[in-house]
Amino acid sequence: QVQLVESGGGLVQAGGSLKLSCAASGRTFSTYARGWFRQAPEKEREFVAAITQGGDVTRYADSVKGRFTISRDNAKNTVYLQMNSLKPEDTAVYYCAASYYLRSDVGSYSNWGQGTQVTVSS
């Protein structure tokens, strides 16, 4: 099992930046692809970004492409999500999770963290 803990959320004005971190413990961190998802109030959890085990391939939702960057440091057992040019519609609880494959569907992921709140004011 992999245990995941997100951090770095907060309140930021539109156009600002935040960097989220997802620290892992438990089974070998580098075994898994990792994904970021988000869930706004009364909405379904949606895919944001994912990265392969080695960090060589990434995938993004169209809504964040060009603004968000996912990366990982296997030596630190941590995945990051750099979020730039934030918009009010990016407001949500952001979660990280692990998967054996680079996928964008919620069902392919497990070991969800507790989430970190990101609020973007207009």
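A side-chain donor-acceptor contact under 3.5 Å links T91 to the backbone of V120.
Rounding to the nearest 0.5 angstrom, the gap separating the CZ atom in R72 from the OG atom in S21 is 13.5 Å. Between the CD atom of E89 and the OG atom of S122 there is a distance of 10.0 Å, given to the nearest 0.5 Å. For the atom pair OG of S25 and CD of Q3, the computed distance is 4.5 Å after rounding to the nearest 0.5 Å. A distance of 9.5 Å separates OG1 of T58 from NZ of K65, quoted to the nearest 0.5 Å. The CZ atom of R59 sits 12.5 Å away from atom CD1 of I51, with the distance rounded to the nearest 0.5 Å. In this structure, OG1 in T78 is found 12.0 Å from CD in E6, a value given to the nearest 0.5 Å.
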Is there a side chain to side chain contact (heavy atoms under 4.5 Å, CB included) between C22 and R34? Walk through the geometry before answering.
CA-CA 9 Å; C22 176; R34 297 282 286 281; 2.9 Å; yes

Where do S17 and N84 land on the side chain to side chain donor-acceptor pair (under 3.5 Å) test, with the steps shown first?
CA-CA 4 Å; S17 298; N84 299 328; 2.9 Å; yes

Does the side chain to side chain contact (heavy atoms under 4.5 Å, CB included) test come out yes or no for M83 and L20, once each step is laid out?
CA-CA 8 Å; M83 306 186 296; L20 306 183; 3.8 Å; yes

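By the 4.5 Å side-chain criterion applied to Ile, Leu, Val, Met, Phe, Trp and Tyr, L102 is assigned to a cluster that also includes V57.
F47 and W112 fall within the same hydrophobic cluster, defined by Ile, Leu, Val, Met, Phe, Trp and Tyr side-chain heavy atoms under 4.5 Å apart, directly or through other members. No single ILVMFWY cluster, assembled from side-chain heavy atoms under 4.5 Å apart, contains both V93 and V118. Cluster annotation: V48 is not connected to Y109 through the hydrophobic network of ILVMFWY side chains, with a link wherever side-chain heavy atoms come within less than 4.5 Å. Hydrophobic clustering of Ile, Leu, Val, Met, Phe, Trp and Tyr side chains at less than 4.5 Å, counting indirect connections, keeps Y95 apart from L4.
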Contacts table for residues 35-42: side-chain donor-acceptor under 3.5 angstrom, sequence neighbours left out:
residue, atom, partner, partner atom, Å
R38, NE, E46, OE2, 2.6
R38, NH1, D90, OD1, 2.9
R38, NH1, Y94, OH, 2.9
R38, NH2, E46, OE2, 3.2
Q39, OE1, R45, NE, 3.2
Q39, OE1, R45, NH2, 3.3
Q39, NE2, K43, O, 3.1

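Atom CD of E44 is surrounded by 12 or fewer heavy atoms from other residues, nucleotides or ligands within 6.0 Å.
Closest of all the heavy-atom pairs between I70 and V79 is CG1-CG1, 4.0 Å.
The side-chain contact (heavy atoms from CB on, under 4.5 Å) check on S85 picks up R67, with sequence neighbours excluded. For Q13, the side-chain contact (heavy atoms from CB on, under 4.5 Å) criterion is met by S121, not counting sequence neighbours.
With contacts defined as side-chain heavy-atom distances shorter than 4.5 Å, the pair L81/T69 does not qualify. Side-chain contact between Q117 and L11 is absent, with no heavy atoms from C-beta onward closer than 4.5 Å.
Annotation: ring pair (Phe, Tyr, Trp, His ring centres under 6.0 Å) contacts involving residues 53-89, sequence neighbours excluded, are absent. Legend: salt bridge (Lys or Arg N to Asp or Glu O under 4.0 Å) pairs involving residues 97-107, not counting sequence neighbours: none detected.
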